[in-house]
J.: 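Okay, handing you the structure first.
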Amino acid sequence: MLQMLAISSFSPKYHPYVQHSRCVKTHQPPATHIHGVLNSGQGKKYAVKCSENSFYPTNKITERNDVVYKPFSNNDHFPAVTLQDGYASKSEDGYEISKNVLLKKLNALYRFIYPYACFGHLIATTSNSLLPVEKLADLTPTFFIGLLKPLVPLLLMHIYGAAVNQVADVEIDKVNKPYMPLASGEFSMETGIAIAWISALMALASAIMLRSPPLVLGVIVWLFISTAYSAQLPFLRWKGNSFLAAVCAVFMCGLIPQVPFFFHVQKYVLGRPMEVTKPLMFASAFMTCISVAIAFVKDLHDVEGDREHGIQTLSVILGKEKVLWLSVYMLSTAYGAAVLVGASSSFLLSKLVTIIGHATLLLFLWHRARNVDLSNNASIFSFYMFIWQLYYAEYLLIHFVR
């Protein structure tokens with residue numbers, strides 16, 4: 001404790017025992033441990049002197065019964081100490097504040113891009129990029145590099161779609177999803193618009209750099225469909241029409257993650273002529289059905305906000321229960337067709353995995369659908385996320401369709 005009084009940069013305003021100029025303050029230190037060493041001054045009393053204009057630690061430290069002189073020299077070195085009694089370091093406080101702000105911004109950005117949908121698109125594209133592979137010799141380092149490069153424009157495309165949707169729907173989200181970054185005020189509108197523009201331009205530029213016409217066309221179509229779905233512009237805002245909203249879902253979840261990336265890998269990575277294969281047709285058809293179901297179920301927990309803002313989704317027009325079971329019947333038809341496709345395969349492993357896998361997922365679907373509480377948005381959202389899990393699972397099963 002006494003060594004702290006000798007540090008030249010020490011300011012009296014941070015010391016609880018120095019209060020004003022021309023003072024002599026008696027202090028009896030408590031029994032403490034500093035850096036693991038017992039305070040040798042325990043039980044003794046000391047006086048600290050202050051000058052008139054500023055605080056100077058005196059070299060003379062007076063004890064009640066005698067005087068001890070301890071001269072200081074310029075060569076003395078003192079170890080760093082931590083101020084006691086709640087006087088935290090200002091630099092440490094600033095670091096903690098900056099760290100917390102950064103973590104909050106990253107968490108907001110994570111929620112802003114709809115991570116479950118982003119993850120689904122990454123799985124879809126990666127899985128479909130493997131469909132053109134015909135033999136193990138195709139799996140070279142060059143192939144995997146060529147597979148990873150298109151994921152950059154895909155990720156940027158997805159971010160643009162999420163950004164333009166939230167910018168256009170910020171008032172609706174204040175009712176339906178007040179926890180989202182724009183609706184809650186964590187991001188400003190200017191930030192949301194900037195993210196949309198930057199991601200769109202970078203997606204298009206990265207696709208052009210890959211010199212792949214299928215990818216460039218896919219990015220252009222995606223940007224147009226995303227804008228048409230959400231933007232408050234003449235002849236757009238397609239999400240307000242059930243049919244056009246389903247068309248958007250078919251392109252954004254069913255076709256664009258499949259077709260452009262399949263042809264890119266087939267032609268510009270493996271060097272083969274572009275041709276439509278049975279797995280590609282099956283994946284496109286099945287994912288079209290499941291994408292429409294996702295679009296329908298997505299609107300179930302947005303009914304209140306959509307009705308308030310005059311958006312005539314199918315859930316608003318028909319009601320939650322009818323739309324729920326319409327989606328379940330649509331998915332059931334897709335799973336039934338998948339079982340028939342599996343049964344027609346000439347490969348035993350393909351037949352077994354395709355039939356058993358799709359039949360099992362169909363049973364899970366009906367079990368979850370019967371337990372949905374349509375009066376509870378948490379229950380509806382849980383079912384919605386379950387359909388996304390079915391979406392993920394299908395990208396494993398499509399590799400057994402032969």
J.: List the atom of Leu324, the atom of Leu374, and the distance in Å for their closest heavy-atom pair.
T.: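 Between these two residues, the closest heavy atoms are CD2-CD2, 4.0 Å.
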J.: Show me, pair by pair, the donor-acceptor contacts under 3.5 angstrom made by side chains of residues 132-143, not counting sequence neighbours?
T.:
residue: Asp138; atom: OD1; partner: Arg272; partner atom: NH2; Å: 2.8
residue: Asp138; atom: OD2; partner: Glu134; partner atom: N; Å: 3.0
residue: Asp138; atom: OD2; partner: Lys135; partner atom: N; Å: 3.3
residue: Asp138; atom: OD2; partner: Arg272; partner atom: NH1; Å: 3.4
residue: Asp138; atom: OD2; partner: Arg272; partner atom: NH2; Å: 2.7
residue: Thr140; atom: OG1; partner: Phe143; partner atom: N; Å: 3.2

J.: Among pairs that include at least one residue of residues 250-270, which meet side-chain hydrogen bond (donor to acceptor under 3.5 Å, both in side chains), considering only residues two or more places apart or in two chains?
T.: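 Non-adjacent pairs meeting side-chain hydrogen bond (donor to acceptor under 3.5 Å, both in side chains): Asn128-Gln258, Ser212-His264, Gln258-Tyr395.
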J.: To the nearest 0.5 Å, what is the distance between CD (Gln389) and CG (Leu365)?
T.: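 That separation rounds to 12.0 Å.
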J.: More than 12 non-hydrogen atoms from neighbouring residues, nucleotides or ligands closer than 6.0 Å to CE on Met385, yes or no?
T.: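 Yes, the 6.0 Å shell around CE holds more than 12 heavy atoms from other groups.
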J.: Can you tell me how far apart CG (Leu156) and OG (Ser206) are? Round to the nearest 0.5 Å.
T.: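 Going from the CG atom of Leu156 to the OG atom of Ser206 covers 5.5 Å.
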J.: If you take all heavy atoms of Ala249 and Ala295, which pair is closest and at what distance?
T.: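 Heavy atoms of Ala249 and Ala295 come nearest at CB-CB, 3.6 Å.
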J.: Rounded to the nearest 0.5 Å, what separation is found between the CG atom of Leu155 and the CD1 atom of Ile113?
T.: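 Taking CG in Leu155 and CD1 in Ile113, the distance rounds to 6.5 Å.
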J.: List for me each residue that meets ring-ring contact (aromatic ring centres under 6.0 Å, His included) alongside Phe119, sequence neighbours excluded, and say none if there are none.
T.: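 Here the qualifying residues are Tyr392.
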J.: By the salt bridge (Lys or Arg N to Asp or Glu O under 4.0 Å) test, which pairs, at least two apart or in different chains, include something from residues 232-243?
T.: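 Only Asp169-Arg237, Asp169-Lys239 qualify under salt bridge (Lys or Arg N to Asp or Glu O under 4.0 Å).
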J.: To check you understand the geometry: which heavy-atom pair defines the closest contact between Cys289 and Ala334, and what is its length?
T.: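 Residues Cys289 and Ala334, closest heavy atoms: CB-CB, 3.9 Å.
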J.: Grab the two heavy atoms, one from Ile398 and one from Ala283, that are nearest each other, plus how far apart they are.
T.: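 In terms of heavy atoms, the two residues are closest at CD1-CB, 4.2 Å.
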J.: With a 6.0 Å cut-off (strictly less than), is the heavy-atom count around CZ of Phe243, excluding the residue itself, greater than 12?
T.: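 Open.
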J.: List in chain and number order the residues that pass side-chain contact (heavy atoms from CB on, under 4.5 Å) with Leu233, two or more places apart in sequence or in another chain; answer none if no residue qualifies.
T.: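 By the side-chain contact (heavy atoms from CB on, under 4.5 Å) rule, Leu233 matches Ala231, Leu236.
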J.: Could you tell me the separation between the OG atom of Ser188 and the CD1 atom of Ile193, rounded to the nearest 0.5 Å?
T.: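 Ser188 OG to Ile193 CD1: 8.5 Å, rounded to 0.5 Å.
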J.: Students often mix this up, so state it plainly: with edges at 30° and 60°, are the rings of Tyr335 and Phe286 parallel, tilted or perpendicular?
T.: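 Answer is perpendicular, since the angle exceeds 60°.
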J.: Can you tell if the side chain of Ile256 reaches within under 4.5 Å of the side chain of Val221, non-hydrogen atoms only?
T.: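 Yes, their side chains come closer than 4.5 Å.
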J.: Out of curiosity, Phe400 CZ to Leu349 CG, how far, rounded to the nearest 0.5 Å?
T.: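 Atom-to-atom, Phe400:CZ and Leu349:CG are 5.5 Å apart.
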J.: Taking the side chain as every heavy atom from C-beta outward, state whether Ser129 and Leu147 have any atom pair closer than 4.5 Å.
T.: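 Yes; the side chains approach each other to less than 4.5 Å.
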J.: CG/Leu390 to CZ/Phe386 distance, rounded to the nearest 0.5 angstrom?
T.: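 Answer rounded to 0.5 Å: 4.0 Å.
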J.: Could you tell me whether the side chain of Phe263 reaches within less than 4.5 Å of the side chain of Val259, counting heavy atoms only?
T.: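 A side-chain contact exists here, since the closest heavy-atom pair is under 4.5 Å.
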J.: Could you pull out all residues at least two apart from Tyr110 that satisfy ring-ring contact (aromatic ring centres under 6.0 Å, His included)?
T.: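 ring-ring contact (aromatic ring centres under 6.0 Å, His included) list for Tyr110, sorted by chain: empty.
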J.: According to salt bridge (Lys or Arg N to Asp or Glu O under 4.0 Å), does anything in residues 314-325 pair up with another residue at least two apart or in another chain? List the pairs.
T.: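 Of all non-adjacent pairs touching residues 314-325, those that pass salt bridge (Lys or Arg N to Asp or Glu O under 4.0 Å) are Glu304-Lys320.
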J.: Can you list the residues that meet the salt bridge (charged side-chain N to carboxylate O under 4.0 Å, His left out) rule with Lys177, with sequence neighbours excluded?
T.: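 Counting only residues at least two positions away or on another chain, Lys177 forms a salt bridge (charged side-chain N to carboxylate O under 4.0 Å, His left out) with Asp302.
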J.: Looking at Phe347, I'd like to know if its CZ atom is crowded, meaning that more than 12 non-hydrogen atoms belonging to other residues, nucleotides or ligands lie closer than 6.0 Å.
T.: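 Counting neighbours around CZ of Phe347, 12 or fewer heavy atoms of other residues, nucleotides or ligands fall under 6.0 Å, so no.
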J.: Closest heavy-atom contact between Ser327 and Ala293?
T.: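 Reported closest heavy-atom pair: OG-O, 4.0 Å.
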J.: Would you mind listing every salt bridge (Lys or Arg N to Asp or Glu O under 4.0 Å) that reaches into residues 105-119, with sequence neighbours excluded?
T.: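 Found Arg111-Glu186.
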J.: Assess the side chains of Ser230 and Asn165: does a donor N or O sit below 3.5 Å from an acceptor N or O?
T.: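 Yes, because at least one side-chain N or O of Ser230 sits under 3.5 Å from a partner of the opposite role on Asn165.
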J.: Check whether Phe383 forms a cation-pi arrangement with Arg368 (NZ or CZ under 6.0 Å from the six-membered ring centre, at most 45° off the ring normal).
T.: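 Negative - Arg368 is either too far from the ring of Phe383 or too far off its axis.
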J.: Could you check whether any side-chain heavy atom of Thr354 comes within less than 4.5 Å of a side-chain heavy atom of Leu397, counting everything from C-beta outward?
T.: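 No; the side chains remain at least 4.5 Å from each other.
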J.: Hey, does Asp299 have a side-chain heavy atom less than 4.5 Å from the side chain of Leu314?
T.: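 Contact flag for Leu314/Asp299 side chains = no.
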J.: Taking only residues two or more places apart in sequence, or in another chain, which ones meet Phe262 in a ring-ring contact (aromatic ring centres under 6.0 Å, His included)?
T.: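 Expected list: none.
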J.: Sort and list the pairs that fulfil side-chain hydrogen bond (donor to acceptor under 3.5 Å, both in side chains) and have at least one residue in residues 274-290, not counting sequence neighbours.
T.: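 For residues 274-290: none.
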J.: For Trp325, what residues pass the ring-ring contact (aromatic ring centres under 6.0 Å, His included) criterion, not counting sequence neighbours?
T.: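 Result, ring-ring contact (aromatic ring centres under 6.0 Å, His included) vs Trp325: Trp366.
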